[in-house]
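Lettering of chains follows the sequences in order, A, B, ..., and the numbering in each one begins at 1.
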2 protein chains.
Amino acid sequence: MSLSTETADKPTLYKRIRADIEKRILTGEWPPGHRIPFEHELVARYGCSRMTVNKALSELAQADLIERRRRAGSFVRRPQHQSAVLKIADIRAEITALGRSYGYELIGRKQRTATAADRERLGVKKAGKVVAISCRHSADNVPFAVEDRLIDLSSVPSAATADFSNEPPGSWLLHHVPWTEAEHTISAIVADDRTAEALDIAVGAPCLVIDRYTWRSARTITAVRLLYPGDSHRLVARFKGG
Amino acid sequence: MSLSTETADKPTLYKRIRADIEKRILTGEWPPGHRIPFEHELVARYGCSRMTVNKALSELAQADLIERRRRAGSFVRRPQHQSAVLKIADIRAEITALGRSYGYELIGRKQRTATAADRERLGVKKAGKVVAISCRHSADNVPFAVEDRLIDLSSVPSAATADFSNEPPGSWLLHHVPWTEAEHTISAIVADDRTAEALDIAVGAPCLVIDRYTWRSARTITAVRLLYPGDSHRLVARFKGG
DNA sequence: TTGACTTATATGTCTAGACATATAATCGTA
DNA sequence: TACGATTATATGTCTAGACATATAAGTCAA
């Protein structure tokens with residue numbers, strides 16, 4: 001029964017409708033399972049055409065905030081705790097975003113025909129050429145992470161001639177390879193001798209491990225393992241894309 | 001210049017337009033930065049009204065696959081490696097999904113007026129009542145994770161009388177608290193005496209830590225710390241909602 | 001009570017227009 | 001050459017209709 005709807009505000013009408021509904025869901029006023037007013041009711045309430053409220057509701061459905069069922073109506077969805085948005089920034093961007101100076105150091109780079117271990121790591125069957133890169137990222141001259149990467153040259157031939165001595169391979173790939181899919185696996189290990197030395201931490205200290213496997217339409221691009229000192233690094237994942 | 005567009009297929013037209021464009025982006029045929037045909041060109045190609053192609057493009061924009069710029073056109077976006085969807089399942093669901101038997105054991109439960117440490121952990125200023133719960137999850141009778149949780153009773157009064165001796169608090173909250181927001185922080189530690197005993201691992205073994213902080217519209221609900229054996233547990237995050 | 005059939009209805013998709021608005025491009029001027 | 005004003009244009013939003021379709025709800029018979 002609220003009025004104050006006919007005076008046009010700054011945001012567009014469908015956005016206002018969407019925001020109104022979103023607010024009621026987020027505050028808990030309309031709990032999961034609650035039926036949202038029918039389109040024709042919203043049309044009457046906001047004094048607009050059905051296409052306008054339809055656009056608002058469609059976007060809420062696309063964002064998984066509501067569920068639409070023919071003939072039944074639209075309903076608030078139960079929160080899906082099991083998915084969260086994990087921000088895994090490009091390391092250079094991550095460090096500079098923290099206001100710290102970024103340092104990069106190429107430790108080793110080898111080009112070879114893929115070994116059995118390489119093939120398994122990349123998930124490919126054929127034995128093609130690969131580049132193996134190992135490097136270290138630092139923040140304010142303190143080791144931040146060590147990276148151990150394999151690039152499949154049959155998918156990214158230009159990586160054969162790319163110069164990784166100044167640019168980290170992650171940044172290079174981001175700029176040279178089109179849209180990709182990726183899978184991240186996160187685990188924890190304790191530092192062995194080599195890792196401890198590279199990260200300048202004690203042997204046996206905890207490390208956070210990110211294994212990222214990247215492909216594009218069933219074609220492997222790269223596999224990378226990142227090791228962070230576990231007590232100083234944090235990965236933050238936030239539910240609902242905040 | 002391809003025809004075969006006037007014979008109606010099973011999917012609706014706008015979905016077909018969206019799928020056509022998505023495919024070209026995913027295969028790399030249209031790389032990041034590439035300008036997608038103008039709406040009026042797509043209108044001509046598909047022989048439909050502008051609203052139809054607009055709906056297709058709007059959804060692609062909402063999914064961050066393309067970027068739309070007034071007067072300039074629509075462009076393929078650069079892949080955003082820095083965000084991935086992390087599936088953090090309810091532990092019971094996670095274990096049963098693996099086909100293993102789920103075991104739950106309440107270790108301790110205390111109700112108290114929030115201490116300074118509790119208040120800091122929950123991010124609240126006022127000293128209200130809280131419930132502190134400690135429990136253990138197991139899979140096939142092997143320790144899977146230990147949980148240490150704080151619930152703010154001023155936000156969730158019904159938790160005061162809830163019985164957590166058989167139902168894990170995470171599952172209970174999922175069913176009793178409306179839509180929430182959450183932030184996850186992931187780190188690594190080495191097991192101390194108490195943790196090692198609870199998880200049946202060696203002292204000094206790596207552990208993956210998830211700290212989850214949950215709230216609803218600026219109101220704190222719960223803070224939980226989950227400890228997993230780091231060498232046996234893996235968190236999988238997949239880019240682009242696979 | 002149960003199952004099969006019918007009907008009402010809310011959403012799903014689409015059209016052929018309209019005006020608004022941000023901005024890339026162009027043109028003109030200092 | 002550099003800067004400011006103008007213009008053209010692609011997207012952004014919206015309307016008042018239309019028909020399609022899945023399905024909840026009601027109806028009727030076995």
Atom pairs, protein N/O to nucleotides 14-16 of chain D N/O, distance under 3.5 Å:
residue: D:dC14; atom: OP1; partner: A:Leu13; partner atom: N; Å: 2.5
residue: D:dC14; atom: OP2; partner: A:Tyr14; partner atom: N; Å: 3.2
residue: D:dT15; atom: OP2; partner: A:Ser49; partner atom: N; Å: 2.9
residue: D:dT15; atom: OP2; partner: A:Ser49; partner atom: OG; Å: 2.9
residue: D:dT15; atom: OP2; partner: A:Thr52; partner atom: OG1; Å: 2.5

Interatomic distance where [atom1] belongs to [X] and [atom2] belongs to [N] [whole Å]:
X	N	atom1	atom2	answer
B:Glu59	D:dG12	CD	P	14 Å
A:Arg68	D:dA24	CZ	C1'	17 Å
A:Gln62	C:dG12	CD	P	12 Å
A:Glu41	C:dA10	CD	C1'	11 Å
A:Phe75	C:dA10	CZ	C1'	10 Å
B:Phe38	D:dT11	CZ	C1'	10 Å
B:Arg16	C:dT13	CZ	P	14 Å
B:His40	D:dG12	NE2	P	14 Å

So does B:Glu39 pair up with B:Arg68, basic N to acidic O under 4.0 Å?
yes

Is the closest side-chain heavy-atom distance between B:Tyr104 and B:Arg136 below 4.5 Å?
no

Please state whether the rings of A:Phe144 and A:Tyr228 are parallel, tilted or perpendicular, taking 30° and 60° as the class boundaries.
perpendicular

For A:Tyr102 and A:His137, take the angle between the two ring planes, folded into 0 to 90°, and tell me which bin it lands in: parallel under 30, tilted 30 to 60, perpendicular over 60.
tilted

With a 4.0 Å cutoff (strictly under), does any side-chain N or O of B:Ser74 reach OP1 or OP2 of D:dA10?
no

Sidechain-backbone polar pair: A:Thr52 side chain, A:Cys48 backbone, donor-acceptor under 3.5 Å
no

List the atom of B:Gly73, the atom of B:Phe38, and the distance in Å for their closest heavy-atom pair.
CA-CE2, 3.9 Å

For salt bridge (charged side-chain N to carboxylate O under 4.0 Å, His left out), just list the numbers for B:Glu94 and B:Arg92, CA-CA rounded to whole Å, side-chain angles, deciding distance to a tenth of an Å, and then say yes or no.
CA-CA 5 Å; B:Glu94 187 181 348; B:Arg92 180 164 61 181; over 6 Å; no

Per-nucleotide protein contact along nucleotides 22-27 of chain C, 5' to 3', at a 4.0 Å heavy-atom cut-off (B base, S sugar-phosphate only, - neither), is SBBS--

Begin from the C-alpha positions of A:Leu173 and A:Ser171 and carry the test side-chain contact (heavy atoms from CB on, under 4.5 Å) through to its verdict.
CA-CA 5 Å; A:Leu173 283 166; A:Ser171 303; over 6 Å; no

Report which part of the nucleic acid A:Ser58 touches: base, sugar-phosphate, or nothing (heavy-atom distance under 4.0 Å, all strands).
nothing

Face-on cation placement of A:Arg69 at A:Phe75 ring, 6.0 Å and 45° thresholds:
yes

